[in-house]
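Structure first, commentary second.
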Amino acid sequence: AQRGRCPILFPLGGGLNVEKCLVAEVAVEQTAYHFDKAYDYLLPELFAVSARPGMRVRVPFGRANARRQGIITRIYEAEPDPARKTVELLLDEEPLLSGEMLKLAAWIKAQTFCTHYEALKAMLPPGAGMDITTRYCAVEEPQGSLSARQERIFHILRSSPEPMLREDLAEKMEGRLVQNDLDELVE
């Protein structure tokens, strides 16, 4: 799992800075009831502005760093921790759950025999949990001029022996995949 340095420096005055991290508290799917708790993940600089509570994310989980889906329940600043794993991908452009829904899920978890993720998942909009996959491949040379990012996307797709998932393409782009660039190439 990727572990990284915290990207944000806060001025203390007198020319001193203290390094702080943006941390996402995440309810992770498929946790056993007795291990159910919020897990903290470093938010990379790429997601620092767009990540918000109520959004789904992909995170590494456990010793095997299995890719799991989770839901951000809170974002806060914290001291650097080299053991903290990093959010791999934001799955939503906007939060699917409101602050009230996040509070309700915490209450449901406290009152019933379910995990925090299960309580949150019950409130997701219909279809949010479906596994619809889109695979991308390069079939013809693009028309017109391309941005540097679009050229890199096209090169990666062209050199791939099989169609790629968006997540795999984002990984090859080192998290710098912008959906608009991909959408323009698809048209």
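The first residue of the sequence shown is numbered 1, and numbering continues consecutively from there.
Applying side-chain contact (heavy atoms from CB on, under 4.5 Å) to L43 and the options V23, I75, T86 leaves one that passes, I75.
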Determine, step by step, whether E77 and L22 satisfy the side-chain contact (heavy atoms from CB on, under 4.5 Å) criterion, reporting the C-alpha distance in whole Å, the side-chain angles of both residues, the deciding distance to 0.1 Å, and the verdict.
-> CA-CA 5 Å; E77 296 170 2; L22 273 183; 4.0 Å; yes
Give the C-alpha distance, both sets of side-chain angles, the deciding distance and a yes or no for side-chain contact (heavy atoms from CB on, under 4.5 Å) between R135 and M164.
-> CA-CA 5 Å; R135 295 180 185 269; M164 296 181 73; over 6 Å; no
Quick one: do Y39 and V59 satisfy side-chain contact (heavy atoms from CB on, under 4.5 Å)? Show the steps, please.
-> CA-CA 10 Å; Y39 292 89; V59 295; over 6 Å; no
Step by step, would you call V28 with Y41 a side-chain contact (heavy atoms from CB on, under 4.5 Å)?
-> CA-CA 11 Å; V28 180; Y41 288 88; 4.2 Å; yes
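Minimum interatomic distance between R84 and D40 (heavy atoms only, all atoms of both residues): CG-O, 3.6 Å. The two residues A170 and L89 make their nearest non-hydrogen contact at CB-CD1, 4.2 Å. Of all non-hydrogen atoms in T115 and T31, the two that sit nearest each other are CG2-O, 3.6 Å. Nearest heavy-atom pair across P53 and P95 is O-CB, 3.4 Å.
Between the S160 side chain and the P163 main chain, no donor and acceptor come within less than 3.5 Å of each other. Between the side chain of R67 and the main chain of R58, no donor-acceptor pair closer than 3.5 Å is present. A side-chain donor-acceptor contact under 3.5 Å links K85 to the backbone of G62.
Annotation: E93, atom CD; neighbour count of heavy atoms from other residues, nucleotides and ligands within 6.0 Å does not exceed 12.
With values rounded to the nearest 0.5 angstrom, R149 atom CZ is found 6.0 Å from S147 atom OG. Rounded to the nearest 0.5 Å, atoms NZ (K121) and SG (C114) are 12.5 Å apart. Here the CG atom belonging to L46 is positioned 7.5 Å from the CG atom belonging to L90, to the nearest 0.5 angstrom. From R152, atom CZ reaches atom CG of L169 across 9.5 Å, with rounding to the nearest 0.5 Å. Rounding to the nearest 0.5 Å places CG of L102 at 6.0 Å from CG of L120. Atom CG of D168 and atom CD1 of I156 lie 11.0 Å apart (nearest 0.5 Å).
In this structure, the salt bridge (charged side-chain N to carboxylate O under 4.0 Å, His left out) partners of E94, at least two apart in sequence or on a different chain, are R52.
No continuous path of hydrophobic side-chain contacts links L91 to V57 [ILVMFWY only; heavy atoms under 4.5 Å].
Sorted by first and then second residue, the salt bridge (charged side-chain N to carboxylate O under 4.0 Å, His left out) pairs involving residues 22-39 (not counting sequence neighbours) are E25-R74, D36-K109. Contacts classified as ring pair (Phe, Tyr, Trp, His ring centres under 6.0 Å) and involving residues 79-113 (residues at least two apart or in different chains) are given here: Y33-F113.
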